[in-house]
Structures are given as C-alpha cells and as structure tokens.
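Numbers here are sequence positions counted from 1.
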Amino acid sequence: GWPGLINAYRDRIEIPEGAEVVTLHEGGTPLVHARRLSAATGSDVWVKVEGANPTGSFKDRGMTVAMTYALASGLKAVICASTGNTSASAAAYAAKAGLTAAVLVPSGKIAMGKLAQAVMHGARILQIDGNFDDCLELASKTAAEYPVTLVNSVNPVRLVGQQTAAWEVCDVLGQAPDVHCLPVGNAGNITAYWKGYTSYDKGLPRMFGFQAAGAAPLVSGQPVPNPETIATAIRIGSPASWTGAVNARDSSGGLIDAVTDEQILTAYRLLASSEGIFVEPASAASIAGLLKTAEDGRLPKGSTVVCTVTGHGLKDPDTALLGTTEVEPVPVDPGAVAHALELA
Ligand SMILES: Cc1ncc(COP(=O)(O)O)c(/C=C/C(=O)C(=O)O)c1O
C-alpha cells in the first residue's frame, strides 16, 4: 500500500541520518474531476482532496517531516500555534512518535472537530487570550528559550513535506495544470506548492491564492490587526510566509485575491451538493476564487485548473449545521415517509 510521503519520495525528501520515519501514511490524496464546476467555469477543473489525509487536512504532509526531525533531535516535546489543523496534526504525529505536543490556540476560535482531535491525541492545549498571530509569536519565543521543537510552517521542513502535493498533481495529470487555486492563511501552503512545482520538471502553473475578505493582508498589502472570517482556519492577519506567497504569485504570473464569507459559504455548499466533496469553510475559498475568476475573465476559458481543498468538512460541524432547523420525527410508517419525501 501507499507508504506515506517520506518513503514514497525517499530520493527527494532529506531526513536526518538514521532517523526513524514518523508517518501515518499521509499523502497520495484523491485528485477528483469536478464535472459540474468544469461546465460552470468553461475549464477543466480537478479538486485535490486534502481532507483525505490521516488527520483530515494537508498539514499532515509537513508534520510527518517535522516530527521525524523532532524525534531525531532528541528533544521530547514539540510546540505549535494553530487555528486548529496544525495542532490536530501535531498532536497526532507527536502521539505516533511518543513525544509531547503543546498547542496554543486562539481562545474561542477553533472548530470543534480540530479541538476534539487535539484532546484525544493527548496534546497539552493552551487557549491563548489573543489571535493566531499572538499564538505564533508566543510559540516561537517559547521554542527559542525552552527545549521544545517549533513545528509551525516557519519551520522549513514543514514546507519540504507540503510541496509533495504539487508532485502528486503532476504525477496524476502528467504535467502541471495551467492554474492552481488554493486558500491562503499563514501562506506556507502556497509557498510550498510553488517550491514543489519549481523543483519538479513537469511545467509551472499560475498560482491563484485566495484569502477571506476580512483576513486579507496579502491583498491589501499590510497586516490586518483584527482578522475576522467564518473560515476560522484562515483567520490570520500577519502571514508568516508573506515573502514566499508574494514570490509564488509574482514568479508564476498568478494572483492573490479576496473572497467574501458569503462567496465562501456558497462555494462550500455547492462543492458538497454538486460534486460530493465536503470541505471545511476555509478550503472553499479555493472554489470561491475559481468561480470569481471564471466569472470576471481572469481565469481563461479552457484552462486546466486544480483546486486544493485543504481540510475535511467534518472538522467544523457547527458551520455545516448553520441555518438548519429541528424537524418533527416522522412516524414509523411508509406512507408518512413517502409523504415527507414528497414521493406520494
Ligand atoms: C483548512 C485550512 N485551509 C487553509 C489553511 C491556510 O494554509 P496556509 O496558507 O499554509 O496557512 C489552513 C491553515 C491552518 C493553520 O494555519 C493552522 O492550522 O494553524 C487550514 O487549516
């Protein structure tokens, strides 16, 4: 079966001499053709489903490498700041490695599924009285002063792992797509994809990154002090990989634009109901951006497009159930069922 990323790309991913590989067999995720999105946009649209990773997000790609290095370093603990998915992944991979994970999350702004993961994997969870950016600064300072390894994407080995998604896209399509859409928060992933495409010899896409309108420092050109969006995973005002994102955008002749929460929720629902792919809201920014740029002509007709959707919808059940109402139970009677389903 699929051996996980380090073993699948042994000749391309460097790990410490003799290091034990820490893996949950991440990677090798589906690249699903999206028939309805293709018709709606006049392009050939493929969806890279990163929710299929072991902890339900793309973070596992970087965490297998970061945790392999952490274990080899001899330190017994790792630390990260997170809007939720990095902490879920760090908790799982630390458990696998037998290390202790400390995770700093912004108070009150973490999706339930992600918190459940960190709890169950036994992480030490600190809710910080601040936002993600405060958490990241705190984690970085703590790792600088105490014997714990920082496993946020400011740690370059995270991006070494994350670049593998671009290689998988090229391996399946046979070449790079014309355009690659993805959500952008702390901007590690857009940086890693560009690193992946430029280190492979299968061509280069234009990188189309999308931020939530209330958390779009890379669009306004300056940090956002109080970022706000329903897409809590990308509720980030000061991206750690700012220069990497700008380089990916400019070197690829791509763009980084903003999509509103309304556009994100519309895309979130459309993807699930018309393509069968359930993602968390931040991931749908990629699809919202696809629709926006197809509509305004920035996405050329007939393009081959890959949209990365970064986290499984089960991460955030509360948002999925927004607006649904309690309904009366139906009697145990086929006629009642037929009536309720408007079959009769
Ligand atoms: C579902 C989902 N989609 C997109 C992003 C943005 O990726 P980057 O632009 O590389 O940050 C995140 C990021 C999450 C964290 O930053 C964290 O978990 O701390 C995410 O969880």
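- Taking the six-membered ring for Trp and the full ring otherwise, the centers of H180 and Y193 sit less than 6.0 Å from each other.
- Two rings, from H25 and W2, have their centers 6.0 Å or more apart.
- Rounding to the nearest 0.5 angstrom, the gap separating the OG1 atom in T86 from the CG atom in L104 is 11.5 Å.
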Residues L37, I287; criterion side chain to side chain contact (heavy atoms under 4.5 Å, CB included); working and verdict: CA-CA 9 Å; L37 285 174; I287 306 298; 4.1 Å; yes

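- Counting heavy atoms from C-beta outward, K96 and L24 have side chains that approach closer than 4.5 Å.
- Between the side chain of T266 and the backbone N or O of E262 there is at least one donor-acceptor pair closer than 3.5 Å.
- Donor-acceptor pairing under 3.5 Å is lacking for the side chains of T83 and T232.
- Atom NZ in K76 sits 7.0 Å away from atom CG in L99 (nearest 0.5 Å).
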Test side chain to side chain contact (heavy atoms under 4.5 Å, CB included) applied to W242 and L218, step by step: CA-CA 7 Å; W242 187 297; L218 289 165; 3.6 Å; yes

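- For the pair Q211/I256, a side-chain contact is recorded, criterion being any heavy-atom separation below 4.5 Å from C-beta on.
- Residues P227 and N131 form a side-chain contact, since some pair of their non-hydrogen atoms from C-beta on lies under 4.5 Å apart.
- No donor-acceptor contact under 3.5 angstrom links the side chains of N53 and H312, judged on distance only.
- In this structure, S252 contributes its side chain and R249 its backbone to a donor-acceptor pair below 3.5 Å.
- Residues C135 and P106 come closest through the heavy atom pair SG-N, 3.6 Å.
- Taken to the nearest 0.5 Å, the OG atom of S199 stands 11.0 Å off from the CH2 atom of W194.
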Residue pair E26, K59: steps toward the salt bridge (charged side-chain N to carboxylate O under 4.0 Å, His left out) verdict: CA-CA 9 Å; E26 60 293 318; K59 301 290 186 181; over 6 Å; no

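- Between atom CG of residue D178 and atom CG of residue D44 there is a gap of 9.5 Å, rounded to the nearest 0.5 Å.
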Stepwise side chain to side chain contact (heavy atoms under 4.5 Å, CB included) test for T41 and L290: CA-CA 8 Å; T41 56; L290 167 81; 4.0 Å; yes

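- A donor-acceptor contact shorter than 3.5 Å links the side chain of S286 to the backbone of C181.
- Using a 3.5 Å distance cut-off with no hydrogens or angles, the side chains of R61 and T164 do pair a donor with an acceptor.
- In this structure, S38 contributes its side chain and V45 its backbone to a donor-acceptor pair below 3.5 Å.
- Counting heavy atoms from C-beta on, the side chains of V305 and W46 never come closer than 4.5 Å.
- Contact record, N186 with S153: ND2-OG, 3.8 Å, taken as the closest heavy-atom pair.
- The environment of NE2 in H339 is sparse: at most 12 heavy-atom neighbours from other residues, nucleotides or ligands sit within 6.0 Å.
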Stepwise salt bridge (charged side-chain N to carboxylate O under 4.0 Å, His left out) check, D257 with K292: CA-CA 10 Å; D257 199 0; K292 178 177 182 181; 3.0 Å; yes

Chi angles and distances behind the side-chain hydrogen bond (donor to acceptor under 3.5 Å, both in side chains) call for Y69, N155: CA-CA 11 Å; Y69 273 82; N155 182 336; over 6 Å; no

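- Hydrophobic clustering of Ile, Leu, Val, Met, Phe, Trp and Tyr side chains at less than 4.5 Å, counting indirect connections, keeps V21 apart from L71.
- Annotation for P281 and I230: closest pair CB-O, 4.5 Å, computed over non-hydrogen atoms.
- In this structure, R158 contributes its side chain and V151 its backbone to a donor-acceptor pair below 3.5 Å.
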Residues E137, K141; criterion salt bridge (charged side-chain N to carboxylate O under 4.0 Å, His left out); working and verdict: CA-CA 6 Å; E137 195 176 335; K141 285 180 177 167; 3.0 Å; yes

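- Put simply, the side chain of C170 does not reach to within 4.5 Å of the side chain of Q175, judged on heavy atoms.
- Linking ILVMFWY residues whenever their side-chain heavy atoms come closer than 4.5 Å, directly or via other members, places I277 and F210 in the same cluster.
- For A240 against L136, the heavy-atom pair with the smallest separation is CB-CD2, 3.9 Å.
- Between the side chain of S73 and the backbone N or O of L75, at least one donor-acceptor pair lies under 3.5 Å.
- With contacts defined as side-chain heavy-atom distances shorter than 4.5 Å, the pair W167/Y197 does not qualify.
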Audit row: I234, V184, side chain to side chain contact (heavy atoms under 4.5 Å, CB included) steps and yes/no: CA-CA 7 Å; I234 55 174; V184 176; over 6 Å; no

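- Of the N and O atoms on the side chains of T29 and E50, at least one donor lies less than 3.5 Å from an acceptor on the other residue.
- With a 4.5 Å cut-off on side-chain heavy atoms, V32 and E275 do not count as touching.
- Proximity of a side-chain donor or acceptor of T260 to a complementary backbone N or O of Q263 within less than 3.5 Å is detected.
- Y200 and L5 end up in the same hydrophobic cluster when Ile, Leu, Val, Met, Phe, Trp and Tyr side chains are linked at under 4.5 Å.
- Side chain of T64 to main chain of D60: no donor-acceptor pair is present (N/O by atom type, distance under 3.5 Å, no hydrogens or angles).
- The CG atom of D316 sits 3.0 Å away from the OG1 atom of T319 when rounded to the nearest 0.5 Å.
- A donor-acceptor pair is defined here as one N or O able to donate and one able to accept, closer than 3.5 Å; such a pair exists between the side chain of S274 and the backbone of L270.
- Interatomic distance, CG of L182 versus CZ of F58, reported as 8.0 Å (0.5 Å rounding).
- Of the possible polar contacts, none joining the T308 side chain to the T310 backbone as a donor-acceptor pair under 3.5 Å is found.
- Hydrophobic clustering places I264 together with V47 (ILVMFWY residues linked when any side-chain heavy atoms are closer than 4.5 Å, directly or through intermediates).
- E280 is linked by a salt bridge (Lys or Arg N to Asp or Glu O under 4.0 Å) to K114, counting only residues two or more places apart in sequence or in another chain.
- Each of V160, T68, V157 was scored for a side-chain contact (heavy atoms from CB on, under 4.5 Å) with I15, with one residue passing: T68.
- Under the 4.5 Å side-chain criterion, counting only non-hydrogen atoms from C-beta, P177 is in contact with L173.
- Here the closest heavy-atom approach between residue M67 and residue Y93 is recorded as CG-O, 3.5 Å.
- Of all heavy-atom pairs between F208 and R298, the closest is CZ-O, 3.9 Å.
- The closest side-chain donor-acceptor pair between D261 and T229 falls under 3.5 angstrom.
- The hydrophobic cluster containing L150 does not contain V103, counting ILVMFWY residues as joined when their side-chain heavy atoms lie under 4.5 angstrom apart, directly or transitively.
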Which side-chain N or O atoms in residues 117-130 pair as donor and acceptor under 3.5 Å with protein atoms at least two apart or in another chain?
unit_1 : atom_1 : unit_2 : atom_2 : d
Q117   : OE1    : K315   : NZ     : 2.7
Q117   : NE2    : T55    : O      : 2.9
Q127   : OE1    : G108   : N      : 3.3

